[in-house]
Number of protein chains: 2
Amino acid sequence: MGTTQLESVPEPKYWHLRTVLSEALDSEFSVGEVLPNERELAARFGVARATLRQALEQLELEGRLQRRRGVGTTVAPPRMGVAVGTEQHDWPGTAGDAWQSVDCTHAVPPAAVAAALESGSEEAVHIVRRSRTGNGQQVAAELLYVPAASVPDLTAIDAPSGPARARAVLRELQRLELEGRERSVELGSARADDAKELDRLPGAPVLVVTTRFVTRGRTAAISVATYRADTCRLTFGDSGGMEIHHGPERQAS
Amino acid sequence: MGTTQLESVPEPKYWHLRTVLSEALDSEFSVGEVLPNERELAARFGVARATLRQALEQLELEGRLQRRRGVGTTVAPPRMGVAVGTEQHDWPGTAGDAWQSVDCTHAVPPAAVAAALESGSEEAVHIVRRSRTGNGQQVAAELLYVPAASVPDLTAIDAPSGPARARAVLRELQRLELEGRERSVELGSARADDAKELDRLPGAPVLVVTTRFVTRGRTAAISVATYRADTCRLTFGDSGGMEIHHGPERQAS
DNA sequence: GAGTGGTCTAGACCACTAG
DNA sequence: TAGTGGTCTAGACCACTCA
């Protein structure tokens with residue numbers, strides 16, 4: 001009896017905090033504004049800093065906040081729509097696609113990719129690195145695995161590596177007849193190299209888009225593209241103009 | 001001088017731990033096997049439990065582990081491919097699609113959905129709840145928002161709520177000519193109700209698939225489907241048979 | 001009731017950014 | 001150099017599952 005039952009549903013503190021902060025973001029903050037620092041916020045809400053951080057992590061995962069070490073926590077803009085559907089009814093590297101070739105190497109792919117390529121498990125392939133920007137920042141990094149058999153006429157005259165080599169591989173690839181593509185999307189965490197390129201910490205959540213390019217019943221190439229999950233909304237279909245976002249939530253009865 | 005400099009690159013402990021555990025999972029464990037408990041693992045690696053948990057969280061995010069309170073941590077099977085592309089070149093509810101109607105209510109949608117529906121911000125719409133299972137467990141929950149204007153011939157004779165009502169709404173919807181769909185995928189965290197339905201804790205990572213159904217230039221319905229990000233790989237295209245997974249990673253030079 | 005993962009605390013130190 | 005977020009610790013208690 002001495003216990004006052006304030007919470008009949010003992011919702012976790014960090015979850016309640018997330019809700020409170022989320023509503024505050026909707027009503028009292030504007031995009032780009034910086035929040036008070038974590039120690040200050042924790043004190044203000046009467047919780048340990050770790051608990052406060054758990055709430056902030058949630059909101060960052062949902063794309064509501066952006067945190068940068070040494071700088072502070074700011075209110076993130078709505079996620080940008082990134083088209084991954086229509087601009088590629090063709091081979092990668094077609095004029096006008098959103099990617100920029102970075103370089104090209106020749107190495108043995110990860111085992112999982114090798115299996116999908118139906119190539120020998122120890123066979124080296126061309127690996128084209130490309131990057132994609134949006135709103136002035138890099139939003140995705142791609143590795144395109146191309147077996148030598150898919151680009152038989154690639155001449156040694158072309159540069160052995162670097163962006164020029166990458167473009168040469170893409171050019172050869174486009175000579176094949178594209179039969180179809182299979183694509184999948186899943187959640188992943190950024191490896192160290194991708195994280196650095198995307199200006200995130202290792203382990204940051206990313207959306208991994210895997211595309212298999214099929215020609216004459218065989219797999220001509222595999223693309224593994226890694227998008228920043230915090231800032232990107234992948235769009236499929238005819239337009240990237242959908243605008244369905246978070247917002248003050250109303251409960252359906 | 002007493003300090004032995006083992007790490008010239010001071011990689012975070014939890015990240016290194018993630019890598020070590022990941023390799024152990026590849027070589028020493030099989031799917032479904034239970035790991036030692038967290039206190040034991042933390043002691044074995046000589047770190048605090050919180051640090052060990054950070055590593056486990058990463059691996060769970062990547063779909064490598066499954067943790068259940070009161071039970072333990074087990075090795076997760078590879079993510080299942082879930083088709084979200086082809087089975088819906090038609091309206092939802094078409095015979096043979098993967099969803100099962102749960103119920104139907106009539107309420108005002110969240111502001112963001114109302115805006116996309118181009119309906120009045122305070123106008124109630126039909127809300128059909130559906131669920132989707134795979135490999136014997138529920139993998140997704142969907143809310144389908146249908147404005148009254150899209151189903152003008154829906155009669156009061158049909159049940160006012162429940163699964164029967166849901167099917168009635170879907171049936172009426174299918175009488176419209178479907179002009180196109182726009183779809184987007186983004187990362188989100190499960191709200192309390194979705195989390196319960198998906199057998200996860202609140203805040204669990206989910207892939208949110210938003211589909212806008214267009215008919216005669218107008219938005220006839222909006223679907224918001226929430227997939228478990230830990231167990232699902234969303235597939236688009238002709239087959240769900242792609243098998244590109246994690247695995248022992250080899251670095252491209 | 002024993003054992004599990006989930007939450008929370010109150011500290012400490014580190015890596016990074018910017019004035 | 002001051003201030004930020006990121007990492008880590010060593011504990012405590014809670015909610016849940018299952019024998």
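Just so it is clear: chains get the letters A, B, ... in the order the sequence lines come, proteins before strands, and each one is counted from 1.
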Using a cut-off of less than 4.0 Å, is there contact between a side-chain N or O of [X] and OP1 or OP2 of [N]?
X: A:R53; N: D:dG6; result: yes
X: A:T73; N: D:dT4; result: no
X: A:T51; N: C:dT9; result: yes
X: A:R49; N: C:dG11; result: no

Among the candidates [options], find the nucleotide nearest to the side-chain atoms of [X].
X: A:V71; options: C:dA18, D:dG5, C:dC8; result: C:dA18
X: B:N37; options: C:dT9, C:dT4, D:dG5; result: C:dT4
X: A:Q54; options: D:dT4, C:dG6, C:dC8; result: C:dC8

Paired with C:dG19: which nucleotide, if any, by Watson-Crick or G-U wobble criteria at under 3.5 Å for both distances? none
Select base, sugar-phosphate, or nothing to describe what A:L201 touches, counting heavy atoms under 4.0 Å on all strands. sugar-phosphate
Across the strands shown, which category fits B:R39 at heavy-atom distances under 4.0 angstrom: base, sugar-phosphate, nothing? base
Distance in angstrom units between [X] [atom1] and [N] [atom2], rounded:
X: A:H16; N: C:dT7; atom1: NE2; atom2: P; result: 16 Å
X: A:K13; N: C:dG6; atom1: NZ; atom2: P; result: 19 Å
X: B:D199; N: D:dC16; atom1: CG; atom2: P; result: 12 Å

What class does the angle between the rings of A:W99 and A:Y227 fall in, given that below 30° is parallel, 30 to 60° is tilted and above 60° is perpendicular? perpendicular
Would you say A:T51's side chain and A:V47's backbone share a donor-acceptor pair under 3.5 angstrom? no
